[in-house]
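In what follows, a structure is listed as structure tokens, so that the remarks can point back to it.
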Protein chains: 2
Amino acid sequence: MSDAATHGSLTGLRSCVRPGNRAGGVSQCSRCGARKASVCNAIGDPDLDRLAASVVHMTVPPGCSFIEDGAEATDFFNITSGTAKLFKLLPDGRRQITGFATAGHFLGLAVGDHYAFGAEAIDTVHLCRFSRPRMTRLMDDFPRLERRLLEEASNELVVAQNQMLLLGRKTARERVATFLLERLRNAEEDDVLVLPMTRTDIADYLGLTIETVSRTLSALRKEGLIADAGSHNLRLLDADRLADIAEGDRD
Amino acid sequence: MSDAATHGSLTGLRSCVRPGNRAGGVSQCSRCGARKASVCNAIGDPDLDRLAASVVHMTVPPGCSFIEDGAEATDFFNITSGTAKLFKLLPDGRRQITGFATAGHFLGLAVGDHYAFGAEAIDTVHLCRFSRPRMTRLMDDFPRLERRLLEEASNELVVAQNQMLLLGRKTARERVATFLLERLRNAEEDDVLVLPMTRTDIADYLGLTIETVSRTLSALRKEGLIADAGSHNLRLLDADRLADIAEGDRD
DNA sequence: CGCTGTCTTGAGAGTCCTCAACCGTGGTGG
DNA sequence: CCACCACGGTTGAGGACTCTCAAGACAGCG
């Protein structure tokens, strides 16, 4: 944890999160934009007040961490907007980003009672915090919620296996192509994707260096497969070709 | 899926599994050696007959696959003895082993209704097969089972994140050291570990080539950190030093 | 005893990393 | 207003770690 600063922005470590407010009225959860995509949709409208009473809303400014690797796992989190990075560190500061979490993602599943990863906001992140005891009670009362969580965990496992394949067996070019297509799913438009994270984040996610990421993107640009579309935006010009590259076809 | 044969033993693809028998008597599950470590321990003795009636025992010979990537996910599996490898393939045959599953491991959690990985027996594997509908009914009737599964999935996620760190950021030497220590946990003796898998499997698990694995083991042997202990066995002579290496300390 | 498959070891090549310089943008303060 | 700095990103040259290709050693088995 020494010179992690050389690898990331690292404003983190001391959490710079505002205390947060208990969710005000009954309608809070029903108006939540992330509800459709999140585990909360396992709880029906009539019971939403139970849910709303169990959560604390929080706002995490960019660059601030809200889960610290190894800390006691006291809470679960549900992201309602923004993007966070989840990561693990080696003692010498090498970092692996294990995933980017956006609206609807549920965080905090841990073995034992300590988090096994860190989490830091990339842009401003809004999230709901559940204490463990409250969450347990919710699961007791709403079995559908528990089933939904199992479903979510299964999804994450599949994603993790894909990422292992990427990290263990794909070339830099294939990794970047895979990443771009993956980002497409989080995109609003058909071919324009938003990259709120820095090159350093992308590199730490793909198991590469920022130079290799930059060079690879430049190459794809030169080949007419992608184009700039403003700051932190990219346009995919040939997603089919990128998909071929991502799977290792031809080069 | 073309020349995967160049990367692994690959007797697989066509499943060579014997049909299997319904678990005979009530006592089958209570005598199961894997019960202690498996999700089945969520179900109390009085209900074990319900459990036993829901499973089919199967024996999978070495080298045979019992889960095929992309196939319809009709069953869950619980390994009771032996070791299986879980893997994903790229179209050109590159393989990533995402994990080794031993007694107590629960397999088959999938997103949607298709498996996202393949599974193949390394040595002779004995397992219990649950059909999805039966499993769903069991979870309905035994909420503790469902909670246990969520716990298991959380564990797997933590393991997966560690593996991503390994694949994305560790050197060959660190990877091998990490692997050896990981194997130590599955070992019966304090310092002797069993490696039922081939070098090819280890390489595909660590994101390396068999040559690099072999060279790295030779180097550790030369340094007096490990020693041969018979076929497929290794003795760890300095686990502390290996732990340092695994985390990137000094060299 | 020869065959086959696994493992080991060596030499050379290639991909990606390291080190370094440079560019562009945004914020700050003289 | 603009110089200055900090930060993120790009590009280049050289090097290192791991891969590829190849040959040989070893063990199991018909």
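Convention: sequence-line order gives letters A, B, ...; per-chain numbering from 1. The structure presented is a predicted model; accordingly, all values stated were derived computationally and were not measured.
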Output the rounded distance in Å from [atom1] ([X]) to [atom2] ([N]).
{"X": "B:Asp204", "N": "D:dC19", "atom1": "CG", "atom2": "P", "result": "11 Å"}
{"X": "B:Asp228", "N": "C:dT6", "atom1": "CG", "atom2": "P", "result": "18 Å"}
{"X": "A:Leu167", "N": "D:dT18", "atom1": "CG", "atom2": "P", "result": "16 Å"}
{"X": "B:Ile210", "N": "D:dC21", "atom1": "CD1", "atom2": "P", "result": "12 Å"}
{"X": "B:His232", "N": "C:dT6", "atom1": "NE2", "atom2": "P", "result": "10 Å"}
{"X": "B:Asn233", "N": "C:dC7", "atom1": "CG", "atom2": "P", "result": "13 Å"}
{"X": "A:Arg221", "N": "D:dG9", "atom1": "CZ", "atom2": "P", "result": "11 Å"}

Subject >> Side chain proximity check, B:Glu68 to B:His114, heavy atoms < 4.5 angstrom >> reply: no
Original post:
Are the side chains of B:Asp204 and B:Lys85 in touch, meaning some heavy atoms are under 4.5 Å apart?
Top reply: no
For [X], all residues meeting side-chain contact (heavy atoms from CB on, under 4.5 Å), sequence neighbours excluded:
{"X": "A:Ser81", "result": "A:His126"}
{"X": "B:Ala227", "result": "B:Leu237"}
{"X": "A:Asn162", "result": "A:Val158, B:Lys88"}
{"X": "B:Arg215", "result": "B:Glu211"}

Original post:
Below 4.0 angstrom from OP1 or OP2 of D:dC7, is there any side-chain N or O of A:Arg199?
Top reply: no
Original post:
OP1, OP2 of D:dT11 versus side-chain N and O of A:Ser218: anything below 4.0 Å?
Top reply: yes
Subject >> Reading 5' to 3' through nucleotides 13-25 of chain C, protein heavy-atom contacts under 4.0 Å coded B for base, S for sugar-phosphate only, - for none >> reply: ---SSBBB-----
Name every donor-acceptor pair, under 3.5 Å, that has one atom in a side chain of residues 179-188 of chain A and the other anywhere in the protein, sequence neighbours excluded.
unit_1, atom_1, unit_2, atom_2, d
A:Glu182, OE1, A:Tyr205, OH, 3.4
A:Glu182, OE2, A:Tyr205, OH, 2.6

Original post:
With sugar-phosphate meaning primed atoms plus P, OP1 and OP2, does A:Arg175 contact a base, only sugar-phosphate, or nothing at under 4.0 Å between heavy atoms?
Top reply: nothing
Subject >> Qualifying residues under side chain to side chain donor-acceptor pair (under 3.5 Å), relative to A:Ser214, sequence neighbours excluded >> reply: none
**OP:** List in chain and number order the residues that pass side chain to side chain donor-acceptor pair (under 3.5 Å) with A:Ser154, two or more places apart in sequence or in another chain; answer none if no residue qualifies.
**Re:** none
Using nucleotides 25-30 of chain D, report all nitrogen or oxygen pairs with the protein that are shorter than 3.5 Å.
none

